Amino acid sequence: MIDGGIKLLCVGLLAFTRICLIFVQAPIFGSNHITNTVLVGFAAAVTVVMFPHLPVPADMPNDVFPFIQALLTQACVGLVIGYISFLVMATAQFGGELMDIQMGLSSAASFDPASHGAINLIRKVQFYTAMNLYLCLDGHHMLLKAINASFRVVPLTQFHFTEGLCMELLRLSSQLLVIGTQLAAPALAAIFINQCAMGLLARVAPQMNVFMLSFPLNIAIGFTLLTLSYPFILRLLGIQFEINLDSLVKCIQMMVPSGR
């Protein structure tokens, strides 16, 4: 049998694993603006703050291999929670990427420190808009509360990955495509109408260079509709952040092992 000090250390390591894997993907915390050292340190600090309230499981592993298995289960729990919390940010980026492609801005990609790669313009704007809205809605504090609540319902040594949880993750992932298309819909519809008009103009006046004329028109129409639809985008993202929190709580409850 392991003594009390070792058992408390094991509890801390299991909690740290879950929190660290959540922060790797979560909005704000998982951004590449934050270095890995700071991220690990912040995860350790949150673990220390939550440690007095962590329930000590009765089935704490007494051997190395069962403890490694428990660490892997906490990594899975952290990945599921982190993935769900990042879905709205990914939705905003997907909507921006659609507009970039249709407006012809894919060739104007620039370096983004948040992703360590070349990112298109509208996608970057949508990402930082969603990030600022997430902070304004106090989403980072809500995530910390959800993490704290997860320790009360999902034990530190096991979790239950059900068919219902798998289907819920698939549903949330499919909603990413639907909501992202809705964010870009006004600009996409206007650009589509403009392209149809350019096609008719090319048939009526073939001597005009419609192909070159369509580039500035697509950009001007896209930016105009993006500006006019920004209140709609902010309202839709705000609603999705609230829905995402409810989905996160629902998925945490689905991971509760049977018999608890």
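Note that this is a predicted model, so its numbers are computed, not measured.
By the 4.5 Å heavy-atom criterion applied to side chains, Phe51 and Val11 are counted as neighbours. No side-chain heavy atom of Pro55 sits under 4.5 Å from any side-chain heavy atom of Pro155. Counting only heavy atoms from C-beta outward, the side chains of Phe67 and Leu14 approach each other to under 4.5 Å. Counting heavy atoms from C-beta on, the side chains of Val154 and His160 never come closer than 4.5 Å. Taking 4.5 Å as the limit, every side-chain heavy atom of Thr73 sits out of range of all side-chain heavy atoms of Val77. Put simply, the side chain of Gln195 reaches to within 4.5 Å of the side chain of Gln102, judged on heavy atoms. Between Glu242 and Leu245 the shortest side-chain heavy-atom distance does not fall below 4.5 Å. For the pair Met89 and Phe241, the minimum side-chain heavy-atom distance is below 4.5 Å.
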Show me the donor-acceptor pairs, under 3.5 Å and distance only, between side chains in residues 247-257 and residues at least two apart or in other chains.
from, atom 1, to, atom 2, distance (Å)
Ser247, OG, Ile243, O, 3.1

Enumerate, atom names and distances included, each donor-acceptor pair closer than 3.5 Å involving a side-chain atom of residues 211-234, sequence neighbours excluded.
from, atom 1, to, atom 2, distance (Å)
Ser214, OG, Phe211, O, 2.7
Asn218, OD1, Asn194, ND2, 2.7
Asn218, ND2, Ser214, O, 3.2
Thr224, OG1, Ala220, O, 2.7
Thr227, OG1, Phe223, O, 2.8
Ser229, OG, Leu225, O, 2.7
Ser229, OG, Leu226, O, 3.3
Tyr230, OH, Thr129, OG1, 2.8

Contacts under 3.5 angstrom, residues 165-187 side chains, donor-acceptor by atom type, not counting sequence neighbours:
from, atom 1, to, atom 2, distance (Å)
Glu168, OE1, Arg171, NE, 3.4
Glu168, OE2, Arg171, NH2, 2.6
Ser173, OG, Tyr83, OH, 2.4
Ser173, OG, Leu169, O, 2.8
Ser174, OG, Leu170, O, 3.4
Ser174, OG, Arg171, O, 2.7
Thr181, OG1, Leu177, O, 2.7

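Ring geometry, Phe29 versus Phe23: the interplanar angle falls under 30°, so the pair is classed parallel (tilted spans 30 to 60°).
With hydrophobic clusters built from ILVMFWY side chains whose heavy atoms lie under 4.5 angstrom apart, Tyr128 shares a cluster with Leu87. Linking ILVMFWY residues whenever their side-chain heavy atoms come closer than 4.5 Å, directly or via other members, leaves Leu200 and Ile191 in distinct clusters. When hydrophobic clusters are built by joining Ile, Leu, Val, Met, Phe, Trp and Tyr residues whose side-chain heavy atoms come closer than 4.5 Å, directly or via intermediates, Leu79 is not grouped with Ile147. The hydrophobic clustering, which links ILVMFWY residues whose side-chain heavy atoms are closer than 4.5 Å, places Val46 and Met142 apart. Residues Leu137 and Tyr134 fall within the same hydrophobic cluster, defined by Ile, Leu, Val, Met, Phe, Trp and Tyr side chains chained together at heavy-atom separations under 4.5 Å.
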task = Report the C-alpha distance between Gln74 and Leu71 in whole Å, list the side-chain angles of each, state the deciding distance to 0.1 Å, and finish with yes or no for side chain to side chain contact (heavy atoms under 4.5 Å, CB included).
result = CA-CA 5 Å; Gln74 295 312 296; Leu71 286 176; 5.8 Å; no
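Under a 3.5 Å cut-off, the side chain of Arg18 and the backbone N or O of Cys76 do not form any donor-acceptor pair. With hydrogens and angles disregarded, no donor-acceptor distance shorter than 3.5 Å links the side chain of Gln25 to the backbone of Phe86. Using modelled atom types, one side-chain atom of Asp100 and one backbone atom of Ile122 make a donor-acceptor pair closer than 3.5 Å. Gln240 places no side-chain N or O within donor-acceptor distance of the main-chain N or O of Val88, the cut-off being under 3.5 Å.
Pairing each heavy atom of Ala92 with each of Leu237, the nearest pair is CB-CD2, 4.2 Å. Contact record, Ala44 with Phe16: N-CE1, 3.6 Å, taken as the closest heavy-atom pair. In this structure, Ser85 and Leu143 approach most closely via the heavy-atom pair CB-CD1, 4.1 Å. Contact record, Val49 with Pro52: O-CD, 3.3 Å, taken as the closest heavy-atom pair.
More than 12 heavy-atom neighbours from other residues, nucleotides or ligands sit within 6.0 angstrom of CZ on Phe161.
To the nearest 0.5 Å, the span separating CD on Gln93 from CE on Met131 amounts to 8.5 Å. With rounding to the nearest 0.5 Å, the separation of CZ in Phe94 from CZ in Arg123 is 10.5 Å.
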